[in-house]
There are 2 protein chains.
Amino acid sequence: MAPDRPPGRPRSSVDATVFAATLRTVDELGYTHATVDRIAAAAGVAKTTIYRRWPSKGALMTACLVDAFGPLPLAGGSRAEIMSAAVRWGAAKISEPGVGAAFAGVFTDAINDPALREILSTQLQDPYRLVLQETLDEPEQRVLFLIDVVIGTLLHRMGMTGEPMIDADVDALVEMVVRALR
Amino acid sequence: MAPDRPPGRPRSSVDATVFAATLRTVDELGYTHATVDRIAAAAGVAKTTIYRRWPSKGALMTACLVDAFGPLPLAGGSRAEIMSAAVRWGAAKISEPGVGAAFAGVFTDAINDPALREILSTQLQDPYRLVLQETLDEPEQRVLFLIDVVIGTLLHRMGMTGEPMIDADVDALVEMVVRALR
DNA sequence: GCAGTTTCGCTACTTCGAGTATCGAAACCG
DNA sequence: CGGTTTCGATACTCGAAGTAGCGAAACTGC
């Protein structure tokens, strides 16, 4: 059951470096101006190395977001408490430097790119949706709607102001969603 | 007080034709693939004519949306009734062919383009926000948040499915927002 | 009619970023 | 050492936004 390393030169372990460079570049220049060339330069890596690991800029961004978000923390409690924690966790993560801009960018790239939409769905969105759906014991349609509300609100705000939401708005969003749950 | 027409050849009255061609093209091909070349061809107009009237693709899209949305209908009633009508109006408009995709596209273009953001704000968003703010007699911060929720939710759904929201979700959204108003 | 001014369509161009191709050098295995 | 794969570097294709230049057309005022 050894890992059975494949033949040839092993890949250098620069994934984390590239992810960090990606978020940093997006934070500094915005999604559009964060070109793959610049990201590669910021990571000290050749552009070809990036394209060897991820098939497109959107795929790179998606992988970067998956890495940045990590697993959804589920600390038990009532359904309202779970939901509340999830919303606050999402708001906090999306406010980290570069994350919100990367999310908004890859999301809208995906609108006109079916292949990227597939990647985004399966790698980033479906996992969280399924966990929430099971944990809250809500029908799929309902969870999808609530995710629309939470992510949509956060992204719309980020896109407009470029700043994270103020605490009062996060509180209001939590209250709205928790209320809608009953 | 005659209009005092400026000298030179007057502009042909093709604005409406261009707007129609824009929405049709966006509906058929999506925002990204609705190039200015294609839109011009669909409208039977030269590309230079479009750039003589609107400074960028985003500006054209914004003007097109301003035209498509028209004035916010305000049929009196209680604050809840006004809000409810506004949300349903927005949901209906954004579901018209091409409108949602154009909105999402111009919105995300604006994230990385300050000039376009200015155009989008002053020509499309501020007018509606100010009317709502005055009509509902709510503080600016509150109205901004509620707009984030409504538009964000609608755009996120459109981007994911490409389809308008189902009635049940619109109802749920209306209820959430109206509740948050009290 | 004619001079002045502006818009029209057309074609060609510049610019920039995503993604591809090629190639010699380097890193691993047996 | 031979086979295989990754690495960095450079050069390339392609598509779309936006620009430049031009002759023709449409209007005004004289």
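In what follows, chains carry the letters A, B, and so on, assigned in the order in which the sequence lines appear, proteins first and then strands, with residues in each chain numbered from 1.
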Let's see if you can work this out: which of [options] has an atom nearest to the side-chain heavy atoms of [X]?
X: A:Thr48; options: D:dT10, D:dG21, D:dA17; value: D:dT10
X: B:Arg38; options: D:dA17, D:dA16, C:dG17; value: D:dA16
X: B:Val45; options: C:dC8, D:dC27, C:dG9; value: C:dG9
X: B:Thr49; options: C:dG19, C:dC8, D:dC7; value: C:dC8
X: B:Ser12; options: D:dT5, D:dT6, C:dC8; value: C:dC8
X: A:Lys57; options: D:dA26, C:dG19, D:dT6; value: C:dG19

Query - Whether B:Phe19 and B:Trp54 hold their rings parallel, tilted or perpendicular, with breakpoints at 30° and 60° - result: tilted
**Report entry** DNA chain D: 5'-proximal contact among B:Ser56 and A:Ser13 (nearest heavy atom)
**Finding:** A:Ser13
Query raised in the report: Closer to the 5' end of DNA chain D via nearest nucleotide, is it B:His33 or B:Pro10?
Result: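 Going by which nucleotide is closer to the 5' end, it is B:His33.
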Taking atom [atom2] of [N] as reference, at what distance in whole Å does atom [atom1] of [X] sit?
X: B:Asp15; N: C:dT7; atom1: CG; atom2: C1'; result: 13 Å
X: B:Asp109; N: D:dA17; atom1: CG; atom2: C1'; result: 11 Å
X: B:Arg53; N: C:dG9; atom1: CZ; atom2: C1'; result: 13 Å
X: B:Ile50; N: D:dA16; atom1: CD1; atom2: P; result: 15 Å
X: A:Leu29; N: C:dC16; atom1: CG; atom2: P; result: 15 Å
X: A:Tyr51; N: D:dA11; atom1: OH; atom2: P; result: 19 Å
X: A:Asp37; N: D:dG8; atom1: CG; atom2: C1'; result: 13 Å
X: B:Trp54; N: D:dT19; atom1: CH2; atom2: C1'; result: 18 Å

Query - Option from B:Leu65, B:Ile119, B:Leu60 for which side-chain contact (heavy atoms from CB on, under 4.5 Å) with B:Val106 holds - result: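 Among the candidates, only B:Leu65 passes.
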Query - Phosphate OP1/OP2 of D:dC27 contacted by B:Arg5 side-chain N/O (<4.0 Å) - result: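 No.
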**Report entry** Any B:Arg52 side-chain nitrogen or oxygen under 4.0 Å from OP1 or OP2 of C:dC8
**Finding:** yes
Report summary line: 5'-most contact on DNA chain C (nearest-nucleotide basis), B:Ala46 vs B:Gly8, goes to B:Gly8
Query - Residue met sooner reading DNA chain C from 5', once A:Lys47 and A:Arg9 are mapped to nucleotides - result: A:Lys47
Query raised in the report: Less than 4.0 Å between a side-chain N and a carboxylate O, is that true for A:Asp171 and A:Arg88?
Result: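 Salt bridge between A:Arg88 and A:Asp171, a charged N being under 4.0 Å from a carboxylate O: yes.
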Query raised in the report: Run the salt bridge (Lys or Arg N to Asp or Glu O under 4.0 Å) check on B:Asp27 and B:Arg24 step by step: do they pass?
Result: CA-CA 5 Å; B:Asp27 184 47; B:Arg24 188 170 4 112; over 6 Å; no
Requested in this report: Compare all side-chain heavy atoms of B:Glu138 with those of B:Leu181 and state whether any distance is below 4.5 angstrom.
Outcome: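 Yes, at least one pair of side-chain atoms sits under 4.5 Å.
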